[in-house]
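Note sheet for the following structure.
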2 protein chains.
Amino acid sequence: MPGNIQSIERAAAILRLLSGRNRRLGVVDLAGELNLPKGTVHGLLRTLQHVGFVEQDKDSGKYQLGAALLHMGSSYLDGNELRTRALNWSDSLAARTHEAVRIGTLHDSRVLVVHHVFRPDDSFQTLDVGSLLPAHATAMGKVLLADHPYAADELIGQGLEAFTDWTITAPDRLREELTLARERGWAWEVGELLAGQASMAAPIIDRTGRTVGAMGIVGKAERLLTTRKPRAELLSYVREAARAVSHELGAIPW
Amino acid sequence: MPGNIQSIERAAAILRLLSGRNRRLGVVDLAGELNLPKGTVHGLLRTLQHVGFVEQDKDSGKYQLGAALLHMGSSYLDGNELRTRALNWSDSLAARTHEAVRIGTLHDSRVLVVHHVFRPDDSFQTLDVGSLLPAHATAMGKVLLADHPYAADELIGQGLEAFTDWTITAPDRLREELTLARERGWAWEVGELLAGQASMAAPIIDRTGRTVGAMGIVGKAERLLTTRKPRAELLSYVREAARAVSHELGAIPW
DNA sequence: GCACGAGTTCGACAATGTCAAACGCGGTTC
DNA sequence: GAACCGCGTTTGACATTGTCGAACTCGTGC
C-alpha cells in the first residue's frame, strides 16, 4: 500500500481514461475527470507523448493513445505463458468444434481476451484479442469468477450491467451460477451478452491449482445448443482442450 | 525539451526494456541497464505493478509486462484512424491478390504493423499486428522512410542490420532505394528480411500530404515476382488500394 | 554454515513535480 | 471587427514527492 509513485499512478489513470469510451480527450476533459489542475495534466501528457504512450491530434489538440502501447501489448502476448501454451490446443479445438475459440484471463473483474481463433471457413470476423468482456455475461467470465470470489464480490459490488434481457443482473442468481460452474468445472451462457449468441467455457488451471484462465467457444446459439442445453460433444471438446492446457501448465498430472 | 517528468520517463524505459528481447527481467538487471539504484527501480516497479503495467512472476521474482498493456494496445487500434479507414480496402486487396496484406506506420524508425490480413485460404499464419519490422528491409519501410528523411538518417546512423545476404546495409544504396521509392510512389523488396519472401507497398497519404502509413502485400517471392520484377497486376492492386485509403483520409482528391 | 545474490524496506535529504495564475491562440458572437 | 470565450500551453515559487544508499530478509550454493 505505501509509497506508490503519484505521477505514475496519475499517468496510468490518464491512459485508462483514454482507452475508455472516448478515445480522444482534451486536457480539460482529463483534468475534470481526475480532479487535477490542467497544468498538471498537461505536464503528464507532455511526458507521455514524449515516450510515445499518447499522441496529440494536431488539428483538435486532443490527446489519444500512442503507438508504443500497441507494440507493448503484443510484447505482453509473447511473454504470456497462458497464451503460448494454449496456442496449439486452441487451433485444434476450433477445427473440431467448427466454432470460434477464445482464451481469456481475469483483469479488473473483466475477462481479458488473450487469444482468439476465428470460426473456420467463416470470414470477416473481428479479432478481439485485447478486448475486455464483462465477466458475468460470458462463459469464460463465470468460470474465472468461480475461483476468484473476491473479484466476483467486486463485480457484484459495482452492479451487474444488463446487455440483453437474459443478462444475469441479480447477485444471488449469479452466485448460484458460479457455484454451479465450480461444481461442474464448466460454464455456459445463452444470449446474455448478445442476443442469439451462446458460449461455453472451461477453466485453465496452473500448477498451484488456481484458475488462471478460461478457454471456450462462442457462436450462434442454434449451433451450440440442443434443447436448451449445451451440445454434449462440443462441451466435452472444450473441457478436454482446457484440461490439456492445464496439464501443460503443470497442473495436476491428469 | 524542458520539464519532462522523470519518474514517468524512467517507468517508460523499464517497460521498453521489458518489451525487448528478454521478456523477464529482475530488479538488478533493470537497475544495471538504466544505471539507477535498485531501490529506485523497485519503487517504480511497485507502482507499475499496482497499475497493471507489469506483473511479477512469484517464483522467480522477476518482472514482465502486465495485462493492462494488452487492452490499451487494442484500444489504440480502435482509435487509429489509419487502420480504421484501411480496414475495408485491406480485405479486398487480400482477396484480389491472394496474398497477405499489411498496413504499417513509422514508429521509432521501424515499421509498426497496425493491421494484418492473412493470405486467403492459407491457414496457420501468425498475426503480427503490433510487431516492429525493420524499415530498411521491408517494402513498407522504404515507402515510409522515403517521406521521412529524418527517420531515415536516424536509422542509418544506428547502423543497418543485415537479416539475409540481400539486406541493404550500405547507406548510399538505401538512399538510392528511397529516392526511387519517392519518385515511383511504391517500393519493393525481395529476400531482404527473410529468404524467399518478397513484399511490395505503396504510401498512404493524409490530407496534409504526408505519408502517414504504408500498405502492401507479403508473400513467397515466386508468387509476387516475374523475371525479377514485381508482377504488374499485383503492384497496381496495391497502389490502387493505398490510393483509395489516402483518398478516404482526405488526401488529394485523386 | 557462511557468503553471496536476489528482491525488498527504510528514512533523510533535496531534487522534483505540483499548482494556480497568466499567456496565446483559435474560434464564435454580437 | 472587437470583445469574448474556451482551449492547450507556459511559468515560477513552494513543499510535496520521489530518490538513493544502506540495511534487511530470504533462498542458494559453495
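Just the heavy atoms: all of them, side chains too, but no hydrogens, waters or symmetry mates, feed the values below. Protein chains get the first letters and strands the later ones, always in sequence-line order, with residue 1 at the start of each. Here the structure is a predicted model, which is why all the values come from computation and not from measurement.
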Check your understanding: What do you reckon, is CD of B:Glu33 surrounded by more than 12 foreign heavy atoms closer than 6.0 Å?
Key -> no

**Study point:** Derivation and outcome, side-chain hydrogen bond (donor to acceptor under 3.5 Å, both in side chains), residues A:Trp89 and A:Glu248
**Key:** CA-CA 10 Å; A:Trp89 298 103; A:Glu248 282 209 22; 2.9 Å; yes

Exercise for review: Nearest-nucleotide wise, let me know which of B:Ile8 and B:Lys38 is further upstream toward the 5' end of DNA chain D.
Suggested key: B:Ile8

Exercise for review: Look at B:Gln6 and D:dT17 and indicate whether a side-chain polar atom (N or O) is within less than 4.0 Å of OP1 or OP2.
Suggested key: no

Check your understanding: Nearest to the side chain of B:Thr40 - C:dT18, C:dT8, D:dT19?
Key -> D:dT19

Review point. Does anything in residues 11-19 of chain B reach DNA chain D, meaning a heavy atom under 4.0 Å, and if so which residues?
Key: none

Practice item. Name the closest nucleotide to the B:Lys62 side chain, picking from D:dG8, C:dG7, D:dC20. Key: C:dG7

Point to revise | ring pair (Phe, Tyr, Trp, His ring centres under 6.0 Å) involving A:His148 - partner list, sequence neighbours excluded | key: none

Review point. Whole-Å distance between D:dC26 P and B:Asp59 CG?
Key: 18 Å

Check your understanding: Reckon B:Arg10 has a side-chain N or O less than 4.0 Å from the OP1 or OP2 of D:dG18?
Key -> no

Review point. From D:dT19, C:dG7, C:dC19, pick the nucleotide closest to the side chain of A:Ile5?
Key: D:dT19

Review point. Less than 4.0 Å between a side-chain N and a carboxylate O, is that true for B:Asp206 and A:Lys58?
Key: no

**Study point:** Steps toward side-chain hydrogen bond (donor to acceptor under 3.5 Å, both in side chains) verdict (B:Asp57, B:Ser60)
**Key:** CA-CA 6 Å; B:Asp57 185 49; B:Ser60 65; 2.9 Å; yes

Check your understanding: Do the side-chain N or O atoms of B:His42 get closer than 4.0 angstrom to the phosphate oxygens (OP1, OP2) of C:dG7?
Key -> no

**Study point:** Whole-Å distance separating the CG atom of B:Leu36 from the C1' atom of D:dT19
**Key:** 10 Å

Practice item. With P as the reference atom in both, quote the distance from D:dG12 to D:dT16 in angstrom, rounded to an integer. Key: 22 Å

Point to revise | Atom-to-atom span, CG of B:Asp57 to C1' of C:dT8 - whole angstrom | key: 17 Å

Point to revise | Gap between atoms CD and C1', on B:Gln56 and C:dA6 respectively (whole Å) | key: 11 Å

Exercise for review: Step through it carefully: locate the ring centre of A:Tyr63, locate the ring centre of A:His42, and say whether they are under 6.0 Å apart.
Suggested key: no

Review point. Reckon B:Ser7 has a side-chain N or O less than 4.0 Å from the OP1 or OP2 of D:dG18?
Key: no

Check your understanding: Looking at B:Asp29 and B:Arg24, does any basic side-chain N land under 4.0 Å from a carboxylate oxygen?
Key -> no

**Study point:** A:Tyr63 OH - D:dG8 P separation (whole Å)
**Key:** 8 Å

